[in-house]
Amino acid sequence: MSFKNEPKRESCYLFGPYKSNERMEYSLNELKNLAESALLEVKGVGSCILREINAHSYIGSGKVEELRDTVKELGADLLIFDVGLTGSQIRNLEDEIGCRIIDRTMLILDIFASRAQSHEGRLQVELAQLKYMLPRLNALEGSSGRYGSGGVGMRGPGETKLETDRRYIKEAILSKEKEIADVKRHRTESRKQRKMNVKTVALVGYTNSGKTTLLNTITKAQGYADDRLFATLDVLTKKVWDNGVHYVLSDTVGFVSNLPHELTYAFSATLEESADADVLLIVLDASDKQKYEQLKVVLDVLDDLKCDKNKMILLYNKIDKLTQEEILDLKNDFEFPNIKISAKSNDNIDKLKEIVRSKLL
């Protein structure tokens, strides 16, 4: 008899240093979901309120000592901060706490990098990683890793490794931006051609709200869907013929609060699918305690994209997880219609399709 050894999951401790306790619980819960989506074992969660940000380590020396003791006691491999850290802060914290440190942006970038499948998706993630990395190279200043730092045989016009790395990253950023601009132009032309012949409907919403499951239910497609954050990153587009109405249904990348600006820019070509759609289906996980905070994140992004509210329909998804009383308590006072559905159990899907048809006719 043989036994297959499962790879050991990396363990982590989550820490949120905040300026106030507003949205603290929500942000930490989201970080926990992100960590679990990255297949990390969460050993514990902590937080503190900061009077001021410490330039050396973001938090004060007393809190650094507490974290060192906590991480050691729990045996965590990784400490994840729910804020953005500079390269020097990461280096200083690693030296003082004695474990690997990453910030929220690094965690999200890691998840995106592991999930992107298409050429466009990988391009967008690579660009975001490069833009995140560039300003953090300064943390390496003064290190010993230099090509022309002096000594016999090392004098002359040689560039330092840091300067070479910085130039390489800048050139790579320009190259990726050019490729994404080409993708964007191609996507724009495709949309123009498509809109001449067929209407478009876009699924938008917070990650893990059930968008891909809904696309599969409506189109009978087999798009990958899983109950975790950012299960899919690449745009899924399917044709729909419904009682004489023909349209294209697109599933765009999900939103998350405090999305790193590097990713917001990199995915702009994808998000523009939403702005140009004839109907916007905003998919919300009705069973999530933070659903209204999540809806605000989505609406803020759509507002930035200048999306017309007349195109919007709010879908309270996953009502199969709610009691009848909880369903009746769902808010209805929006500037656009809403409908309560379950993509998984097919509840009210026919009614939804009817509403979409009426919007497109």
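In what follows, every heavy atom counts, from backbone to side chain, and hydrogens, waters and symmetry copies are set aside. None of these values were measured; they are calculated from a predicted model.
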Look only at the side chain of [X] and the backbone of [Y], and say whether a donor-acceptor pair between them is shorter than 3.5 Å.
| X | Y | result |
| --- | --- | --- |
| Y247 | V279 | no |
| S11 | K43 | no |
| N317 | A343 | yes |
| T217 | T213 | yes |
| D103 | F81 | no |
| E94 | I101 | yes |
| Y316 | V283 | no |

So, are [X] and [Y] salt-bridged, with charged N and O less than 4.0 Å apart?
| X | Y | answer |
| --- | --- | --- |
| K63 | E66 | yes |
| K344 | D320 | no |
| D95 | R91 | no |
| E126 | K176 | yes |

Between [atom1] of [X] and [atom2] of [Y], what distance do you get to the nearest 0.5 Å?
| X | Y | atom1 | atom2 | value |
| --- | --- | --- | --- | --- |
| E325 | D329 | CD | CG | 5.5 Å |
| L14 | D82 | CG | CG | 8.0 Å |
| I282 | S209 | CD1 | OG | 10.5 Å |
| E52 | K19 | CD | NZ | 11.0 Å |
| I59 | L85 | CD1 | CG | 9.0 Å |
| R100 | I90 | CZ | CD1 | 10.5 Å |

Heavy-atom closest contact ([X] atom, [Y] atom, distance):
| X | Y | value |
| --- | --- | --- |
| L107 | A35 | CD2-N, 3.9 Å |
| C99 | L79 | SG-CB, 3.8 Å |
| L330 | K291 | CD2-CE, 3.6 Å |
| L134 | R166 | CD1-CG, 3.7 Å |
| L130 | A172 | CD1-CB, 3.6 Å |
| L34 | I111 | O-CD1, 3.3 Å |

What about [X] and [Y], same hydrophobic cluster or not, with Ile/Leu/Val/Met/Phe/Trp/Tyr joined at side-chain heavy-atom distances under 4.5 Å?
| X | Y | answer |
| --- | --- | --- |
| L78 | L74 | yes |
| L174 | I180 | no |
| I313 | L361 | yes |
| Y26 | V42 | yes |

Can you list, pair by pair, the side-chain donor-acceptor contacts under 3.5 Å of residues 297-309, counting residues two or more places apart and other chains?
| unit_1 | atom_1 | unit_2 | atom_2 | d |
| --- | --- | --- | --- | --- |
| D300 | OD2 | K296 | NZ | 2.9 |
| D308 | OD1 | N310 | N | 2.9 |
| D308 | OD1 | N310 | ND2 | 3.4 |

Practice problem: Starting from the C-alpha separation in whole Å, work towards a yes-or-no answer on side-chain contact (heavy atoms from CB on, under 4.5 Å) for L280 and V201. | Solution: CA-CA 6 Å; L280 274 170; V201 177; over 6 Å; no
Quiz item: Side chains of D288 and Q294: donor-acceptor distance under 3.5 Å anywhere?
Solution: yes
Quiz item: Can you tell me if S57 and N92 form a side-chain donor-acceptor pair at under 3.5 Å?
Solution: no
Quiz item: Is the number of heavy atoms from other residues, nucleotides or ligands under 6.0 Å of Y168 OH greater than 12?
Solution: no
Quiz prompt | S47: partners by side chain to side chain contact (heavy atoms under 4.5 Å, CB included), with sequence neighbours left out | solution = Y18, M24, L28
